[in-house]
K.L.:
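Take a look at the following structure, please.
Whatever order the structure lists ligands and atoms in, that order sets their numbers, starting from 1. Both backbone and side-chain heavy atoms feed into the values below; hydrogens, waters and symmetry mates do not.
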Amino acid sequence: MLSYEEYMASKEEDFEGTCLRCGACCGAFDDPCAELEKNGQGHYFCRSYKERFGQKTTVSGKTFNCVSIREHIRAGTLREGCGYADMLKNIL
Ligand code: SF4
């Protein structure tokens, strides 16, 4: 039997695994965050993931506030095709 901490860690892993690494929420299709990178498999990742929240700069020099994916979900700002948007469509 899993401990509470192990159970919560596995749920967090499931939640993180919902991301398809398309980069859309980080501006991959518009003016991307300057910390956004693409790996050899075509998946996007953040160069400073652990320190990602707060004021950041896009490639063109605009500033924006990086927020958690939960904030995007609450605000309804995810694009169609995002793993979280699709997940919500299936449960709401
Ligand atoms: S838009 Fe959704 S699937 Fe794409 S990188 Fe952001 S959270 Fe992941």
K.L.:
Within a distance under 4.0 Å of any heavy atom of Cys82, pick out the atoms of ligand 1 and give their elements.
P.N.:
1 (S), 2 (Fe), 3 (S), 7 (S)
K.L.:
Are any of the side-chain heavy atoms of Leu36 and Cys26 separated by less than 4.5 Å?
P.N.:
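When only atoms from C-beta onward are counted, Cys26 and Leu36 do touch, with a gap below 4.5 Å.
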K.L.:
Mind checking whether Tyr84 contacts ligand 1 via backbone (N, CA, C, O), side chain (CB onward), both or neither, at a 4.0 Å heavy-atom cut-off?
P.N.:
side chain
K.L.:
Please could you name the atoms of ligand 1 that Gly83 approaches to less than 4.0 Å, counting only its heavy atoms?
P.N.:
3 (S)
K.L.:
Quick check on Ile69 - does any of its heavy atoms sit under 4.0 Å from an atom of ligand 1?
P.N.:
yes
K.L.:
Sub-3.5 Å donor-acceptor pair from the side chain of Glu71 to the main-chain atoms of Ser68, do we have one?
P.N.:
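No; zero donor-acceptor contacts below 3.5 Å.
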K.L.:
Would you say Arg74's side chain and Ile69's backbone share a donor-acceptor pair under 3.5 angstrom?
P.N.:
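Such a contact is absent between Arg74 side chain and Ile69 backbone.
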K.L.:
Around atom 3 (S) of ligand 1, find the nearest protein heavy atom and jot down its residue, atom name and distance.
P.N.:
Leu20 N, 3.2 Å
K.L.:
Just need the protein heavy atom nearest to atom 8 (Fe) of ligand 1, so name the residue and atom and give the distance.
P.N.:
Cys19 SG, 2.4 Å
K.L.:
Can Arg70 be said to sit on top of Phe15's aromatic six-ring, NZ or CZ under 6.0 Å from centre and within 45° of the ring axis?
P.N.:
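Yes, a cation-pi geometry.
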K.L.:
Report the nearest protein non-hydrogen atom to atom 4 (Fe) of ligand 1: residue, atom name, distance rounded to 0.1 Å.
P.N.:
Cys22 SG, 2.3 Å
K.L.:
Which atoms from ligand 1 have a heavy atom of Ala24 less than 4.0 Å away?
P.N.:
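Answer for ligand 1: 1 (S).
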K.L.:
Of the non-hydrogen atoms in Leu20 and His43, which two are nearest, and what is the gap between them?
P.N.:
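Shortest heavy-atom contact: O-CD2, 4.1 Å.
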K.L.:
Among all protein heavy atoms, pick the one closest to atom 5 (S) of ligand 1 and tell me residue, atom and distance.
P.N.:
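Looking only at protein heavy atoms, the one closest to atom 5 (S) of ligand 1 is Gly23 N, 3.2 Å.
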K.L.:
From Cys25, does some N, O or S atom reach closer than 2.8 Å to atom 6 (Fe) of ligand 1?
P.N.:
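Cys25 does place an N, O or S atom closer than 2.8 Å to atom 6 (Fe) of ligand 1.
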K.L.:
What I want to find out is whether Lys56 reaches Asp31 closely enough, with some N-O distance under 4.0 Å, to be called a salt bridge.
P.N.:
no
K.L.:
What distance separates Arg21 CZ from Tyr44 OH, expressed to the nearest 0.5 Å?
P.N.:
14.0 Å
